[in-house]
Amino acid sequence: ETGVTQSPTHLIKTRGQQVTLRCSSQSGHNTVSWYQQALGQGPQFIFQYYREEENGRGNFPPRFSGLQFPNYSSELNVNALELDDSALYLCASSLGPQGRRGNTIYFGEGSWLTVV
Amino acid sequence: KQEVTQIPAALSVPEGENLVLNCSFTDSAIYNLQWFRQDPGKGLTSLLLIQSSQREQTSGRLNASLDKSSGRSTLYIAASQPGDSATYLCAARPGGSYIPTFGRGTSLIVHP
């Protein structure tokens, strides 16, 4: 067990709706990253938060947004949901931005989102 | 743009075999490379992290090697067990970037 917890574990939304996914990082970790993993694919980096500020973003549209709170927990918000947003959303925490040497990433169990 | 390829995509072996999983990356200027295990419908578990200055890392029955010049990493699993059945993913982190690139993974089944 990594100590990274995500909620909810599963949810179903209708196209056009909005969704918020939550993540609590491992104790002592100040960096949270979010990934989208479609079925049969590797995880795709969405963005990273370090000390409450976004400091890296992958190739995702602005309707994917996030927050990091003072306790380093984080939210991922997706607006105007599309069918292709159906995927496993993974949160990962680390001590410091992931570019630093020796930084192992610890993943949560993920949130399964189905858009119908 | 970094691209990561994992071969084979799927592998089924009898218990006890020694295995080699391959990961290749197009940009050799990586910061580190990490191997993960993913059980069906679950998150990723970190197995081994190799820094760019290192050649290999070992943990129990697992050994990962890194050859930056050829853009390759291998994960060696000794004496495979049914409990090793999972998808194994590698992720290459480019130098100076926070954005890791994952491969699609190798789906491993070890049957008794």
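Chain A is the first sequence line, chain B the second, and so forth, proteins listed ahead of strands; every chain is numbered from 1. For the numbers below, each heavy atom of this structure counts, side chains included, while hydrogens, waters and symmetry mates do not.
- Of all heavy-atom pairs spanning A:Pro43 and B:Leu89, the tightest one is CD-CD2, 3.9 Å.
- Atom CG of A:Asn71 has more than 12 heavy atoms from other residues, nucleotides or ligands within 6.0 Å.
- Residues forming a salt bridge (charged side-chain N to carboxylate O under 4.0 Å, His left out) with A:Arg63 (at least two apart in sequence, or on another chain): A:Glu82, A:Asp85.
- Here the two rings, on B:Phe102 and A:Phe45, have centers that are 6.0 Å apart or farther.
- Counting non-hydrogen atoms of neighbouring residues, nucleotides and ligands closer than 6.0 angstrom, the CD atom of B:Gln57 exceeds 12 such neighbours.
- The OG1 atom of B:Thr45 lies 11.0 Å from the OH atom of A:Tyr106; values are rounded to the nearest 0.5 Å.
- Considering OG1 of A:Thr9 and NZ of B:Lys42, their distance stands at 9.0 Å, rounded to 0.5 Å.
- B:Val4 and B:Phe36 fall into different hydrophobic clusters, defined by Ile, Leu, Val, Met, Phe, Trp and Tyr side-chain heavy atoms under 4.5 Å apart, directly or through other members.
- Looking at B:Gln6, neither its backbone nor its side chain comes within 4.5 Å of chain A, counting heavy atoms on both sides.
- What you find for A:Arg57 and B:Ile99 is that their closest heavy atoms are O-CD1, 3.4 Å.
- Taking CD of A:Glu109 as the reference point, atom CG of B:Leu44 lies at 10.0 Å (rounded to 0.5 Å).
- Remark: A:Phe60 pairs with A:Phe64 by the ring-ring contact (aromatic ring centres under 6.0 Å, His included) rule, at least two apart or across chains.
- Residues A:Leu11 and A:Val115 share a single hydrophobic cluster, defined by chaining ILVMFWY side chains whose heavy atoms lie under 4.5 Å apart.
- There is no contact between A:Gln6 and chain B, counting heavy-atom distances below 4.5 Å.
- Follow the hydrophobic side-chain contacts under 4.5 Å out from B:Leu66 and you reach B:Leu47 in the same cluster.
- Taking the side chain as every heavy atom from C-beta outward, B:Gln38 and A:Leu88 approach each other to under 4.5 Å.
- Counting heavy atoms from C-beta outward, B:Pro100 and A:Tyr35 have side chains that approach closer than 4.5 Å.
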